[in-house]
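Note that these values count all heavy atoms, side chains included, but never hydrogens, waters or copies made by symmetry. A note on names: the letters A, B, ... follow the listed sequences, proteins ahead of strands, and every chain is numbered from 1.
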Amino acid sequence: MDVGSCSVFEAEIKKKQGERKRKSLHLDHFSLTTMLHLTTGRVGSLLAQRVTAALTSSSVRMASHGHEVAANEDLSQPMYWDSTNVPLPDRRYKVTLSSEDERLKQKEKGPWDQLSKEEKLALYRLSFSQTFSEMNQPSAEWKTVVGTIFIFLGLTGLIVWWQKVYVFPKPPRTFDDEWQAKQLQRMLEMRMNPIEGISSKWDYEKGQWK
Amino acid sequence: MFRAVSRLSATASRNLVQSRAGYSAPLASRCYSHGKVESDEEFDARWVTYFSKPDIDGWELRKGMNTLIGYDLVPEPKIVDSALRACRRLNDLASAIRILEAVKDKAGPHKDIYPYLIQELRPTLTELGISTPEELGIDRM
């Protein structure tokens with residue numbers, strides 16, 4: 001291979017690497033719904049919706065419970081996130097500051113007792129999105145989770161019921177009540193398990209269960 | 001250094017679960033049976049020194065705080081003091097307030113640790129002009 005085609009080849013690789021870095025796998029709501037509609041013909045849209053919700057990035061689900069959603073952030077840059085485990089994240093919350101914010105930041109370089117409470121609060125909110133109390137707020141997400149579990153259990157129950165009616169063959173005659181009664185009668189007559197088992201529970205004198 | 005089963009000073013709390021006065025638990029220790037275990041005082045000194053670096057930068061402050069918060073303990077007032085002064089050198093009031101929130105959160109159910117911490121830090125807070133989260137009203141929703 002001569003030098004010329006080698007460098008072209010390398011350039012191709014670099015270009016593809018660059019592309020790969022910029023692309024990221026977005027399993028967003030729309031594309032997933034489309035995929036599901038194409039692949040699952042018979043499944044009702046309600047089920048597809050639920051599956052979509054389950055498989056889409058958790059941000060969609062969380063967004064309906066008051067959690068903020070980061071819109072397609074570059075994950076290779078220093079990120080901001082609220083966590084009680086990581087009180088000081090990699091970067092400030094507000095990146096672009098207005099001129100007023102800049103002024104406040106300048107004032108911050110001086111003595112802090114000259115800052116009013118509102119200014120201190122403003123400085124805090126520039127650097128951080130949620131306070132610890134806001135972070136620790138309980139959410140109602142558990143109700144959604146438990147509810148969804150019950151819905152799926154219910155659906156499964158319906159499916160099993162349908163199966164019983166339309167799929168399973170008739171049970172053997174040994175399951176009939178009459179057969180079972182005669183079977184039990186025979187077991188007692190032959191004194192099956194007379195010490196600790198079934199015959200020990202039957203009162204042979206009175207002809208009834210003990 | 002404060003621990004869940006701790007040896008706090010008597011002034012700080014009397015109703016903590018089984019305060020074993022004088023018991024010096026080995027800190028954040030690996031399970032070496034042979035290695036030297038750092039004492040509480042050494043641990044505290046190390047962290048005070050870390051934050052006392054005169055030209056500490058933002059990254060080092062963040063790294064230090066996040067690491068410290070990762071430990072199973074509430075930092076001694078002197079460590080927090082050193083960290084707050086580092087915030088002052090970096091002109092970062094927001095981080096100072098955040099640090100106070102974080103140590104309060106670390107104390108968890110032990111509600112008497114944080115007031116003690118603030119009591120010890122009060123001179124520094126007034127000197128540097130740092131308001132506590134309570135004073136700013138962000139300790140509640």
Side-chain angles (χ1 to χ4, degrees), chain A residues 65-68 76-141, chain B residues 51 56-72 74-75 79-80 83-109 114 122-141:
Chain A
H65 283 287
H67 293 256
E68 277 181 34
S76 66
Q77 294 297 313
M79 284 178 66
Y80 176 84
W81 74 101
D82 284 306
S83 167
T84 55
N85 297 324
V86 181
L88 303 177
D90 300 339
R91 67 163 173 86
R92 201 171 54 208
Y93 176 57
K94 287 211 171 63
V95 197
T96 42
L97 300 176
S98 68
S99 52
E100 221 183 280
D101 297 335
E102 291 285 357
R103 234 180 304 124
L104 198 52
K105 276 285 177 191
Q106 282 302 313
K107 200 171 172 195
E108 196 184 15
K109 294 186 179 164
W112 287 340
D113 34 30
Q114 285 176 5
L115 295 163
S116 70
K117 280 214 168 82
E118 292 73 27
E119 288 176 324
K120 288 181 183 175
L121 219 45
L123 281 168
Y124 183 92
R125 292 291 182 182
L126 282 181
S127 295
F128 303 110
S129 171
Q130 292 185 307
T131 67
F132 266 62
S133 344
E134 286 162 6
M135 270 190 247
N136 291 334
Q137 283 291 298
S139 85
E141 197 192 352
Chain B
F51 286 116
I56 196 172
D57 67 27
W59 186 94
E60 286 172 343
L61 172 69
R62 290 194 300 275
K63 174 66 181 172
M65 270 324 297
N66 294 334
T67 309
L68 193 58
I69 293 300
Y71 295 149
D72 183 19
V74 180
I79 302 178
V80 181
L84 293 177
R85 289 184 188 281
C87 289
R88 175 64 268 191
R89 292 197 293 284
L90 288 163
N91 300 319
D92 192 349
L93 175 63
S95 294
I97 301 167
R98 191 75 154 183
I99 288 170
L100 294 176
E101 283 189 292
V103 298
K104 180 179 183 186
D105 190 69
K106 278 308 286 188
Y114 180 70
R122 189 49 72 186
T124 308
L125 296 177
T126 24
E127 181 197 328
L128 300 178
I130 301 171
S131 301
T132 64
E134 291 69 36
E135 287 162 9
L136 294 174
I138 58 175
D139 61 324
R140 70 211 57 212
M141 277 303 300

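- Of the atoms belonging to A/Leu126, not a single heavy atom falls under 4.5 Å from chain B.
- At a threshold of 4.0 Å, the pair A/Arg125-A/Glu118 does not count as salt-bridged, since none of the basic side-chain nitrogens sits closer than that to a carboxylate oxygen.
- Most heavy-atom pairs under 4.5 Å with chain A: of the set B/Thr67, B/Leu93, B/Leu136, this distinction falls to B/Leu93.
- Only the backbone of A/Pro111 comes within less than 4.5 Å of a heavy atom of chain B; no side-chain atom from C-beta onward does.
- Across all non-hydrogen atoms, the minimal contact from B/Leu100 to B/Thr132 is CD1-CA, 4.1 Å.
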One pair to check against side chain to side chain contact (heavy atoms under 4.5 Å, CB included): B/Lys104 and B/Glu134. What are the steps and the verdict? CA-CA 11 Å; B/Lys104 180 179 183 186; B/Glu134 291 69 36; 3.3 Å; yes
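- Judged purely by atom type and a 3.5 angstrom limit, A/Arg91 uses its side chain to pair as donor or acceptor with the backbone of A/Tyr93.
- Only the side chain of A/Asn136 comes within less than 4.5 Å of a heavy atom in chain B; its backbone stays farther off.
- Panel note: side chain B/Lys106, backbone B/Ile69; a donor-acceptor pair is recorded below 3.5 Å.
- Residue A/Phe132 touches chain B through both its backbone and its side chain, counting heavy-atom pairs closer than 4.5 Å.
- Contacts between residues 97-107 of chain A and chain B, defined by a heavy-atom separation under 4.5 Å, are made by no residue at all.
- A donor-acceptor pair is defined here as one N or O able to donate and one able to accept, closer than 3.5 Å; such a pair exists between the side chain of B/Arg98 and the backbone of A/Pro87.
- With respect to the salt-bridge test (charged N to carboxylate O, under 4.0 angstrom), the residues B/Arg88 and A/Asp113 do not qualify.
- Side-chain atoms of A/Ser127 do not come within 3.5 Å of backbone N or O of B/Ser95 as any donor-acceptor pair.
- Ranked by heavy-atom pairs shorter than 4.5 Å toward chain A, the options B/Thr126, B/Asp92, B/Leu90 are led by B/Asp92.
- Under a 3.5 Å cut-off, the side chain of A/Glu119 and the backbone N or O of A/Ser116 do form a donor-acceptor pair.
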